[in-house]
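Let me begin by presenting the structure, written as structure tokens, before commenting on it.
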Amino acid sequence: MSRQVVTRFAPSPTGMLHIGGVRTALFCWLFARRHGGRFILRIEDTDLSRSTDDNIRIIEDGMAWCGLDWDEGPILGDPGHWKGPHGPYRQMQRMDLYRTKIQELLDKGLAYRCRCSREMLEERRRTVETAGRVFQYDRGMDAGKGCAGANHDASQPAAIRFRMPLGDSPILDAGDIVVKDLIKGDTRFPAGSLDDWIIARTGAGPGDIGVPTYNFCVVVDDTHMEVTHVIRGDDHLNNTPKQIPLFAAFGTAPPAFAHVPMILGADGAKLSKRHGATSITEYQAMGLLPSAVRLALARLSWTPKIHGKAVESAEEELLTDEQMIQLFDLADCQKSPARFDMDKLQWLNQKLIQRASWQELEPHLRPFMPEAWQGKPDAWKAQAIQATQKGKSLTDMAEALRFAFERPEVFDEKAVEKFMTAAVQPALREVGALTDYSHEGLEAGFNDILERHGLKTKDLAQALRVALCGRPVSPGIYDTLMLVGRDEVVARLDRWV
RNA sequence: GGGGCUAUCGUCUAGGGGUCAGGACACCGCCCUUUCACGGCGGUAACACGGGUUCAAAUCCCGUUAGCCCUACCA
């Protein structure tokens, strides 16, 4: 009996949504959608200092912009509420549950209070390590010096440690904890290499249970939220053997795990600020389509296979969301980290812009356009978009359309010198006299002028571009004229005739 | 130090005993062209290193090297 697939993305609010996180979220989302399951957004905010409503909002907005809609989690922009039956979806609001579960472990003797102070631990660590051995809390190397056997009462503040399996524990396989990973394959961790780790920090007073730690909360939440597939960054692979015994301690089967490789910068180092854009909002600001970001991110570490074969042409690279969802399979994911390729993203973006309709593009383009854009009629917008739809980004398109909104203030000197010749002068005057601004009308009028003045298309088109746009670059010349509009064309031509 | 993961063109990757090692992006060249672009055609370019196993190794095994992760009362 297989349960409904449930995946989750659990970022901590750091003030930005990292592009690597988005990719992880995308995989979770694709997997859930592929299997008709649910996708949960959960906020890991046990690091109190940076967990503000604003920072949580940044995550929500980033996810929403990317089109990664969640079935359960916070309601966008409404900090007080959430959707889904397993809320709240912010860890700080789930403390009661965690404390209950910790008490349960304490009662069962599967966890114990530890009064060792940081200083004591540090000192012991130093002595053990200078002796050339590995320090572990009350495990072999440091035997007998922990609190595990001490049966501490609750009369002193204490942290709480989880008793990790050792020896002949049934959850061990030949002394190893094995993580069955859908991407990495089976990975074995010798139980002896793991520690009795802290599941709750030292409480405020005697008997208190302090703030639980990340690895503990994850397990409680994933269990409580019925997560079936934990898809996360492979920096968590090493945390998994700590978590598996915890699932066992709670008497639940662990979910399936899939650890996706990291995204690296172009130089192979971990993607960070110095590589340029790391935050999803920066990609938004660059004029990228969310669909392009999704595709580019998905294609990092994932090779879609159509009938068992990888895509073999540029055409096939351009998967729609529907295709991605249909094709997504963790078995086709790479084990090794991938470098982020901005060129490929740009190319994807360009292709996706090209094949979108103007109506699809308009809402994405709008934020990059001046106020006056709003007032333009649809036909004009359609033409403006279609005339610039070869750009690599929305910002390129906006830039290419500036001439339609602003009179040029400065004129490219070289271009003026080259194209504003005495010979085109009279032709320019005649262009000002044209009245039929339909494409056909302009073309006819244009050709007529060329013929009578013995000019080549290039001569007049370039001179016009300079006069209208201040530079020799613009969309097709008829589009340029139509977008500027007759009255404005006449006005801009004025100083040249 | 201990434990774990990884390794094919510049980048993303296909291929998992016998391939001229395939594709995409980028790059270069040619063509098209009213500018910038788009588009079309073509090209350069890779199995980290060393040992095995085998008639045969990019592919299987073992080492080495390099990178990354965990080894916190961070997440």
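The chains referred to below are lettered A, B, ... by the order of the sequence lines, with proteins before strands, and numbering in each begins at 1. Side chains are part of it too, since the values below use all heavy atoms of this structure and drop only hydrogens, waters and symmetry mates.
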Checklist entry - How would nucleotides 38-44 of chain B be written as a contact map, 5' to 3', with B for base contact, S for sugar-phosphate-only contact and - for no contact, using protein heavy atoms under 4.0 Å? => result SS-----
Next on the checklist: Base contacts versus sugar-phosphate-only contacts with protein, heavy atoms under 4.0 Å: please encode nucleotides 64-73 of chain B as B, S and - from 5' to 3'.
Outcome noted: -----BSSSB
With a non-hydrogen cut-off below 4.0 angstrom, is [X] in contact with a base, only sugar-phosphate, or nothing?
X: R188(A); value: sugar-phosphate
X: T388(A); value: nothing
X: Q334(A); value: sugar-phosphate
X: G476(A); value: base

Item to check | Closest to side chain of Y214(A), choosing from U34(B), A75(B), A24(B) | outcome: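 Among the listed nucleotides, the one closest to the side chain of Y214(A) is A75(B).
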Checklist entry - Side chain of Y478(A): nearest nucleotide among C25(B), U35(B), U34(B)? => result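 Selected nucleotide: U34(B).
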Item to check | Residue from R94(A), M92(A), Q93(A) passing side-chain contact (heavy atoms from CB on, under 4.5 Å) with R90(A) | outcome: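 The single option meeting the side-chain contact (heavy atoms from CB on, under 4.5 Å) with R90(A) is Q93(A).
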Next on the checklist: Under 6.0 Å between ring centres: does that hold for Y478(A) and F446(A)?
Outcome noted: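 For Y478(A) and F446(A), the ring centres are under 6.0 Å apart.
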Item to check | Centroid-centroid under 6.0 Å between F27(A) and H229(A) rings | outcome: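 Not close enough - the centres of the two rings lie 6.0 Å or further apart.
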For atom [atom1] of [X] and atom [atom2] of [N], their distance in whole Å:
X: F403(A); N: U35(B); atom1: CZ; atom2: P; value: 16 Å
X: K305(A); N: G22(B); atom1: NZ; atom2: P; value: 18 Å
X: D341(A); N: C25(B); atom1: CG; atom2: P; value: 11 Å
X: L460(A); N: U34(B); atom1: CG; atom2: C1'; value: 9 Å

Checklist entry - Taking E316(A) for the side chain and A310(A) for the main chain, is one N or O donor matched with an acceptor at less than 3.5 Å? => result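 Flag not set: sc E316(A) to bb A310(A) has no pair under 3.5 Å.
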Checklist entry - Taking the side chain from T480(A) and the backbone from P475(A), do they hold a donor-acceptor pair closer than 3.5 Å? => result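 Between the backbone of P475(A) and the side chain of T480(A) there is a qualifying donor-acceptor contact (under 3.5 Å).
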Next on the checklist: Would the base of U34(B) count as contacting R465(A) through its side chain, where contact means a donor and an acceptor less than 3.5 Å apart?
Outcome noted: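 Such a pair is found, so the answer is yes.
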Next on the checklist: Checking T240(A) against R232(A) for the side-chain hydrogen bond (donor to acceptor under 3.5 Å, both in side chains) test, could you report, in this order, the C-alpha distance in whole Å, the side-chain angles of both residues, the deciding distance, and whether it holds?
Outcome noted: CA-CA 11 Å; T240(A) 313; R232(A) 70 217 323 183; 3.2 Å; yes
Item to check | Aromatic ring pairing Y98(A)/F216(A), orientation class (parallel under 30°, perpendicular over 60°, tilted between) | outcome: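 Ring orientation of Y98(A) relative to F216(A): perpendicular.
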Checklist entry - Is the phosphate of A14(B), meaning OP1 or OP2, less than 4.0 Å from a side-chain N or O of T303(A)? => result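 For T303(A), the contact criterion (side-chain N or O under 4.0 Å from OP1 or OP2 of A14(B)) is met.
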Next on the checklist: Please classify the glycosidic conformation of C38(B) as syn (within 90° of 0) or anti (everything else).
Outcome noted: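 Syn, which is what one calls it when the glycosidic angle falls within 90° of 0.
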Item to check | Heavy atoms from other residues, nucleotides or ligands near CZ of R188(A) exceed 12 (cutoff 6.0 Å) | outcome: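 Counting neighbours around CZ of R188(A), more than 12 heavy atoms of other residues, nucleotides or ligands fall under 6.0 Å, so yes.
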